[in-house]
Number of protein chains: 2
Amino acid sequence: MKIELSYTEENYLKAIFSLSVKKESAVSTNEIAQKLETKASSVTDMIKKLNDKKLVDYKKYQGVSLTDFGRSTAVYIVRNHRLWEVFLVEKLNFSWDEVHDIAEQLEHVKSEKLTERLEAFLDHPTHDPHGDPIPDENGNINHESSEPLFNIEKGSTCVLVGVRDSSSLFLQFLDNSNIKLGSEIKVIHKEVFDNSMTVVVDTLTRSLSSQITKNLFVKEVN
Amino acid sequence: MKIELSYTEENYLKAIFSLSVKKESAVSTNEIAQKLETKASSVTDMIKKLNDKKLVDYKKYQGVSLTDFGRSTAVYIVRNHRLWEVFLVEKLNFSWDEVHDIAEQLEHVKSEKLTERLEAFLDHPTHDPHGDPIPDENGNINHESSEPLFNIEKGSTCVLVGVRDSSSLFLQFLDNSNIKLGSEIKVIHKEVFDNSMTVVVDTLTRSLSSQITKNLFVKEVN
DNA sequence: TATTATTTTTAGACGCATCTAAATAAATGT
DNA sequence: ACATTTATTTAGATGCGTCTAAAAATAATA
Ligand SMILES: [Mn+2]
Ligand SMILES: [Mn+2]
Ligand SMILES: [Mn+2]
Ligand SMILES: [Mn+2]
């Protein structure tokens with residue numbers, strides 16, 4: 001099942017996909033507008049078009065959800081994005097805070113063969129540099145259980161397995177704090193007042209705001 | 001000197017650049033239209049815009065030529081294109097007839113750093129898989145003397161250094177004929193009737209039409 | 001040189017993706 | 001339940017890149 005999609009259509013699908021992951025219900029016009037930094041009226045126009053192309057299900061005023069077709073198209077783009085991020089970090093020695101914007105461009109290059117060759121060249125990576133799983137050629141995503149550091153109880157120890165914010169500023173902050181994927185984090189205090197957390201990483205004690213702990217995804221260890 | 005160019009504007013610059021290489025005079029509207037498979041009226045509109053942006057010099061009815069700025073922009077895209085072609089062949093094991101269309105997409109990815117890192121990763125290649133020189137980071141192109149096999153005299157021996165047609169059909173024909181960059185070609189007969197040529201490549205004798213010999217670029221050896 | 005043919009430009013339209021402003025529907029609060 | 005706020009859609013416009021048809025300029029030819 002092939003179809004010619006514009007760069008823009010692909011970005012809408014990707015946005016709807018990522019907004020759908022967290023929620024079960026339909027995605028709202030405004031959510032999409034915010035994510036894509038555009039206006040709600042533009043979103044309405046586009047989702048009508050995507051609806052005509054059977055990529056989304058849309059009822060006026062009822063929000064939008066991906067069809068199976070739309071979902072698999074979105075996943076294919078996500079696959080490209082994450083493979084290119086791995087390439088940039090592993091082969092071209094970019095740091096993890098530099099690759100997202102370039103991958104936003106590369107993900108739209110259309111060639112099935114390119115994707116498969118790239119994946120093989122990279123030795124079939126399972127995760128991108130930010131800990132996000134890379135969908136396989138059939139669109140299956142290996143969802144592993146992880147939760148925001150925000151949820152971890154005082155006294156527990158966990159391992160950082162993903163970051164849910166690819167902005168340079170956030171990632172550079174983590175670099176400067178010596179926090180990386182695989183780091184062991186022990187929660188030693190939770191401040192009720194502002195929900196900040198005191199943790200120990202690499203023998204160093206740090207205080208992390210809730211904005212940060214909500215974007216760090218961890219697995220508990222015993 | 002930076003400027004935001006659309007995909008389309010870049011393709012026009014590249015087309016004008018490649019048409020300018022052979023000729024000294026200005027490039028005509030129709031030539032560009034033919035190269036880009038579009039209409040002359042569309043070309044007129046676009047070259048007006050490029051003229052406004054100081055990328056080309058344009059006088060009504062007098063054709064168009066690149067400014068220094070336009071030329072360096074075009075060369076930068078050509079550099080990207082050829083580096084990506086090398087990547088696809090050398091690293092992802094594509095054959096030389098598969099890479100042009102993918103590189104047409106990749107060449108538009110905007111990141112100076114990506115270009116430089118890619119070049120280093122590829123060990124600073126000097127030529128792309130079709131024998132075309134790769135401009136360096138300053139836009140300098142190493143023009144080597146070569147001429148179409150068509151011009152070579154009977155009895156001379158030469159080496160294939162470039163192909164001036166990146167179509168799959170042509171390149172696959174060469175593959176099937178065991179003709180590749182570096183192949184030694186000895187001219188043993190030139191047919192006056194249809195300008196075809198009889199040559200020896202790899203101990204095998206072959207007849208090549210003028211359409212072929214005009215697209216094979218060689219260097220004579222003694 | 002005058003006539004014809006070709007090339008190039010202009011005029012006017014269209015589809016895409018976007019916007020602002022206005023209208024309408026849905027959600028919220030008293 | 002009614003009024004108000006918020007979310008969503010529609011109406012109408014713009015810029016980009018394209019097209020066809022017609023006009024204008026240039027080139028070719030008789
Ligand atoms: Mn990313
Ligand atoms: Mn990522
Ligand atoms: Mn090419
Ligand atoms: Mn090439």
Side-chain angles (χ1 to χ4, degrees), chain A residues 3-17 19-20 22-23 25-66 70 73-74 77 104-105 107-108 110, chain B residues 3-16 19-20 22-66 70 73-74 77 104-105 107-108 110:
Chain A
I3 188 175
E4 277 300 306
L5 292 180
S6 71
Y7 188 101
T8 310
E9 289 169 326
E10 292 188 346
N11 281 335
Y12 270 87
L13 287 179
K14 201 157 57 97
I16 297 166
F17 174 72
L19 291 169
S20 303
K22 296 142 197 170
K23 309 203 312 169
S25 56
V27 176
S28 80
T29 304
N30 262 359
E31 285 176 292
I32 300 169
Q34 192 183 353
K35 179 122 195 166
L36 293 176
E37 294 176 291
T38 182
K39 294 296 147 81
S41 56
S42 306
V43 173
T44 302
D45 283 347
M46 177 57 86
I47 60 189
K48 278 180 188 166
K49 192 167 36 144
L50 295 177
N51 185 67
D52 292 345
K53 293 190 177 180
K54 311 283 185 206
L55 290 157
V56 302
D57 287 322
Y58 166 60
K59 292 263 166 17
K60 263 191 197 177
Y61 294 101
Q62 300 311 123
V64 72
S65 59
L66 292 172
T73 306
I77 302 161
E104 286 288 312
Q105 303 179 62
E107 70 189 6
H108 300 289
K110 280 161 192 67
Chain B
I3 190 175
E4 276 302 305
L5 291 180
S6 73
Y7 188 102
T8 310
E9 289 170 325
E10 291 188 346
N11 281 336
Y12 270 87
L13 287 180
K14 201 157 58 98
I16 297 166
L19 291 169
S20 302
K22 296 140 198 170
K23 309 202 312 169
E24 199 46 58
S25 56
V27 176
S28 81
T29 303
N30 262 358
E31 286 175 291
I32 299 169
Q34 189 182 354
K35 180 122 196 167
L36 292 176
E37 293 176 294
T38 183
K39 294 296 147 80
S41 55
S42 306
V43 173
T44 302
D45 283 348
M46 178 56 85
I47 58 188
K48 278 179 187 167
K49 191 165 40 142
L50 295 177
N51 185 68
D52 291 346
K53 294 189 177 182
K54 312 283 187 206
L55 289 157
V56 303
D57 287 322
Y58 167 60
K59 292 264 170 12
K60 263 191 196 177
Y61 294 103
Q62 300 311 125
V64 71
S65 59
L66 292 171
T73 306
I77 302 161
E104 287 288 313
Q105 302 179 62
E107 71 189 5
H108 300 289
K110 280 160 192 65

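Letters A, B, ... are given to chains in the order of the sequence lines, protein chains preceding strands, and every chain is numbered from 1.
- Side-chain nitrogen and oxygen atoms of B:Y58 include at least one within less than 4.0 Å of the OP1 or OP2 phosphate oxygen of C:dT9.
- The shortest distance between the side-chain N/O atoms of B:K48 and the OP1/OP2 oxygens of C:dT9 is not below 4.0 Å.
- Between A:N30 atom CG and D:dT9 atom P there is a gap of 9 Å when expressed in whole angstrom units.
- Atom-to-atom, CD of A:E31 to P of D:dT8 comes out at 8 Å; the value is rounded to the nearest Å.
- The closest side-chain heavy-atom distance from B:V27 to B:I32 is below 4.5 Å.
- Among the heavy atoms of the strands lying under 4.0 Å from A:T44 is at least one base atom, whether or not backbone atoms are also near.
- With C:dA26, C:dC19, D:dT9 as the choices, the nucleotide that has an atom nearest any side-chain atom of A:D45 turns out to be C:dC19.
- Ranked by how close their nearest DNA chain C nucleotide is to the 5' end, A:M46 and B:T29 are led by B:T29.
- When rounded to the nearest whole Å, the span between CD of A:E9 and C1' of C:dC16 equals 9 Å.
- By the 6.0 Å contact criterion, NZ on B:K54 is open, its count of non-hydrogen atoms from other residues, nucleotides or ligands being 12 or less.
- Looking only at side-chain heavy atoms (C-beta outward), B:Y58 and B:T29 stay at 4.5 Å or farther from each other.
- Following rounding to the nearest Å, A:E4 (CD) and C:dC16 (C1') show an atom-to-atom distance of 15 Å.
- Contact annotation for B:T8: backbone-only contact, meaning every heavy-atom pair under 4.0 Å involves sugar-phosphate atoms and none involves a base.
- Rounding to whole angstrom units, CG of residue A:L5 and P of C:dC16 are separated by 13 Å.
- At a cut-off of 3.5 angstrom, the base of D:dT20 holds at least one donor-acceptor pair with the side chain of B:S41.
- In this structure, B:L36 atom CG and D:dC19 atom C1' are separated by 15 Å, rounded to whole Å.
- OP1 or OP2 of C:dT10 sits under 4.0 Å from a side-chain N or O of B:K60.
- Contact annotation: B:K39 side-chain N/O to D:dT20 OP1/OP2 distance is under 4.0 Å.
- Taking atom CD1 of B:I47 as the reference point, atom C1' of C:dT7 lies 12 Å away to the nearest angstrom.
- In this structure, B:V56 and B:L13 have side chains that are in contact, with non-hydrogen atoms separated by less than 4.5 Å.
- Side-chain N/O atoms of B:Y12 include none lying less than 4.0 angstrom from OP1 or OP2 on D:dC16.
- One atom, OH of B:Y61, and another, P of D:dA24, lie 9 Å apart when rounded to the nearest Å.
- In this structure, the separation between CD1 on B:I77 and NZ on B:K14 is 7.5 Å, given to the nearest 0.5 Å.
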